[in-house]
Participant: 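Sharing a structure here in structure tokens format.
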Amino acid sequence: INFDKITTEDLAHLKYIDAFLKEVLRYFAPTIGLFPRRATATHKLGDLTILKGSMVNVGFNIVGFNSNFFDQPYEFRPERFFEGSTEKHTKYPYSFLSFSAGPRNCIGKYLSFIEGKTILLNFLKRYSFKFSNPDFQLKNGLRFLHEPVDPIRVNLMKL
């Protein structure tokens with residue numbers, strides 16, 4: 001890749017970065033389920049009955065940690081999103097919900113991956129970094145979006 005002029009073709013070949021971003025979004029879904037839906041019919045899900053007209057909201061982050069869909073869900077493993085992966089989630093198209101799913105999913109999904117890859121590549125080509133505190137443990141808080149409870153302090157070194 002020519003880091004001075006990154007093309008859309010280059011971005012399409014960055015499979016590890018694509019998998020890394022998906023794993024970040026699985027692990028830290030940015031939203032908490034902001035888009036409730038109204039049940040158009042009564043449904044039975046196991047012991048749970050959802051009555052017609054009920055408002056239903058999906059906890060995106062809960063699905064991302066469900067061991068029925070993700071092997072070792074509490075391990076950060078971008079490789080689970082590689083093409084040809086045999087992970088359980090590949091059999092369930094609605095298991096990766098960071099942008100919702102189905103006909104009403106987020107229209108900005110693909111743009112966000114292009115932007116994310118571009119920003120990450122430009123950052124990595126200019127800086128190396130390390131945590132100021134090597135023992136830092138990320139603790140997420142929840143307001144409108146997931147966000148860190150404590151400041152994330154890093155030392156940036158220009159390359």
Side-chain angles (χ1 to χ4, degrees), residues 1-41 43 45 48 50 53-127 129 131 137-152 154 156:
I1 292 177
N2 177 358
F3 284 107
D4 293 325
K5 186 177 180 184
I6 299 168
T7 67
T8 53
E9 290 81 24
D10 293 332
L11 294 177
H13 295 295
L14 299 173
K15 301 302 183 191
Y16 191 85
I17 291 180
D18 191 54
F20 172 81
L21 291 172
K22 286 179 180 175
E23 183 70 346
V24 167
L25 291 167
R26 180 196 69 83
Y27 216 83
F28 300 109
T31 62
I32 55 173
L34 302 174
F35 308 105
R37 302 286 191 257
R38 185 172 311 280
T40 57
H43 298 276
L45 297 173
L48 178 67
I50 301 172
S54 298
M55 294 304 291
V56 179
N57 206 347
V58 175
F60 299 138
N61 56 332
I62 294 169
V63 174
F65 289 96
N66 187 325
S67 61
N68 291 322
F69 303 127
F70 295 96
D71 298 324
Q72 293 104 24
Y74 292 96
E75 289 182 19
F76 188 87
R77 294 187 305 114
E79 297 81 11
R80 72 177 80 238
F81 288 101
F82 284 176
E83 190 173 315
S85 170
T86 58
E87 291 260 343
K88 291 184 265 186
H89 74 90
T90 61
K91 297 178 185 112
Y92 303 97
Y94 290 89
S95 62
F96 179 70
L97 293 173
S98 295
F99 294 92
S100 190
R104 294 184 180 178
N105 70 342
C106 177
I107 62 172
K109 176 180 180 178
Y110 298 105
L111 177 62
S112 71
F113 276 103
I114 290 169
E115 289 176 337
K117 289 179 196 179
T118 303
I119 291 166
L120 189 57
L121 281 176
N122 278 295
F123 179 81
L124 292 174
K125 80 177 186 180
R126 290 181 172 88
Y127 302 99
F129 63 96
F131 288 105
Q137 292 292 315
L138 180 64
K139 293 181 211 115
N140 245 355
L142 193 58
R143 294 191 181 138
F144 180 68
L145 301 173
H146 283 119
E147 56 187 66
V149 172
D150 302 312
I152 301 173
V154 294
L156 292 178

Participant: Heavy-atom count around I107 CD1 within 6.0 Å, excluding the residue itself: above 12?
Facilitator: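 Counting other residues, nucleotides and ligands, CD1 of I107 stays at 12 neighbours or fewer.
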
Participant: Can you name the salt bridge (charged side-chain N to carboxylate O under 4.0 Å, His left out) partners of K5, sequence neighbours left out?
Facilitator: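 For K5 there are no salt bridge (charged side-chain N to carboxylate O under 4.0 Å, His left out) partners, ignoring immediate neighbours.
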
Participant: Output all residues satisfying side chain to side chain donor-acceptor pair (under 3.5 Å) with K88, sequence neighbours left out; order by chain, then residue number.
Facilitator: D71

Participant: Could you measure the distance from the CD1 atom of I50 to the CG atom of L45? Nearest 0.5 Å is fine.
Facilitator: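 Rounded to the nearest 0.5 Å, the CD1-CG separation comes out at 4.5 Å.
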
Participant: Does any N or O in the side chain of R26 come within less than 3.5 Å of the main-chain N or O of S95, such that one atom is a donor and the other an acceptor?
Facilitator: no

Participant: Report the distance from atom OH of Y16 to atom CG of L21, rounding to the nearest 0.5 Å.
Facilitator: 11.0 Å

Participant: Just to verify, what does E83 make a side-chain contact (heavy atoms from CB on, under 4.5 Å) with, not counting sequence neighbours?
Facilitator: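 Partners of E83 under the side-chain contact (heavy atoms from CB on, under 4.5 Å) test: none.
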
Participant: Restricting to side chain to side chain donor-acceptor pair (under 3.5 Å), what partner residues turn up for N105, sequence neighbours left out?
Facilitator: none

Participant: Testing the basics here: between N68 and N66, what is the closest heavy-atom pair and its distance to 0.1 Å?
Facilitator: N-OD1, 2.7 Å

Participant: Counting C-beta onward and ignoring hydrogens, is there a side-chain heavy-atom pair between P148 and L138 closer than 4.5 Å?
Facilitator: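 In contact.
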
Participant: side-chain contact (heavy atoms from CB on, under 4.5 Å) for D18 and F81? Distances and angles first, verdict last.
Facilitator: CA-CA 8 Å; D18 191 54; F81 288 101; over 6 Å; no

Participant: Taking side chain to side chain donor-acceptor pair (under 3.5 Å) as the definition, give me every residue that meets it alongside R37, ordered by chain and number, with sequence neighbours left out.
Facilitator: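 R37 satisfies side chain to side chain donor-acceptor pair (under 3.5 Å) with no residue once adjacent residues are dropped.
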
Participant: Name all residues meeting the side-chain contact (heavy atoms from CB on, under 4.5 Å) criterion together with E147; count only those two or more places apart in sequence or in a different chain, and write none if there are none.
Facilitator: R143

Participant: Would you say S98's side chain and L25's backbone share a donor-acceptor pair under 3.5 angstrom?
Facilitator: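 Side chain of S98 to backbone of L25: a pair is present.
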
Participant: Nearest 0.5 Å, what's the CD-CZ distance between Q137 and F131?
Facilitator: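 Output value for this atom pair is 9.5 Å.
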
Participant: How far apart are the closest heavy atoms of M55 and P36, and which atoms are they?
Facilitator: CE-CB, 3.8 Å

Participant: With heavy-atom distances below 4.5 Å as the criterion, would you say the side chains of H89 and F96 are in contact?
Facilitator: no

Participant: Return the set of residues passing side-chain contact (heavy atoms from CB on, under 4.5 Å) with L111 (not counting sequence neighbours), or none when no residue passes.
Facilitator: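 Counting only residues at least two positions away or on another chain, L111 forms a side-chain contact (heavy atoms from CB on, under 4.5 Å) with E115.
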
Participant: Between OH of Y92 and CD of E87, what distance do you get to the nearest 0.5 Å?
Facilitator: 12.5 Å

Participant: Looking at residues at least two apart in the chain, or sitting in another chain, which of them share a side-chain contact (heavy atoms from CB on, under 4.5 Å) with S112?
Facilitator: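 Checked S112 against side-chain contact (heavy atoms from CB on, under 4.5 Å); matches are F99.
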
Participant: Might you point out which heavy atoms bring V63 and Y94 nearest each other, and give the distance in Å?
Facilitator: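 V63 and Y94 have their closest heavy atoms at CG1-O, 4.3 Å.
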
Participant: Return a table of donor-acceptor pairs under 3.5 angstrom between the side chains of residues 116-124 and protein atoms on other chains or two or more places apart.
Facilitator:
| from | atom 1 | to | atom 2 | distance (Å) |
| --- | --- | --- | --- | --- |
| K117 | NZ | L11 | O | 3.0 |
| T118 | OG1 | I114 | O | 2.7 |
| N122 | OD1 | K125 | NZ | 3.3 |
| N122 | OD1 | R126 | NH1 | 3.1 |
| N122 | ND2 | T118 | O | 2.8 |

Participant: What are the two closest non-hydrogen atoms of G64 and P73, and how far apart are they?
Facilitator: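 Nearest heavy atoms, G64 then P73: O-CB, 4.2 Å.
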
Participant: Taking only residues two or more places apart in sequence or in another chain, which ones pass side chain to side chain donor-acceptor pair (under 3.5 Å) with Q72?
Facilitator: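 Testing Q72 for side chain to side chain donor-acceptor pair (under 3.5 Å), a comparison that skips the adjacent residues, returns R77.
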
Participant: Considering residues at least two apart in sequence or located in another chain, which fulfil the ring pair (Phe, Tyr, Trp, His ring centres under 6.0 Å) criterion with Y74?
Facilitator: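 F65.
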
Participant: Could you give the distance from CZ (F76) to CZ (F28), rounded to the nearest 0.5 Å?
Facilitator: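 The CZ atom of F28 is 7.5 Å from CZ of F76, to the nearest 0.5 Å.
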
Participant: So which atom in P78 and which in A19 form the shortest heavy-atom distance, rounded to 0.1 Å?
Facilitator: O-CB, 3.2 Å

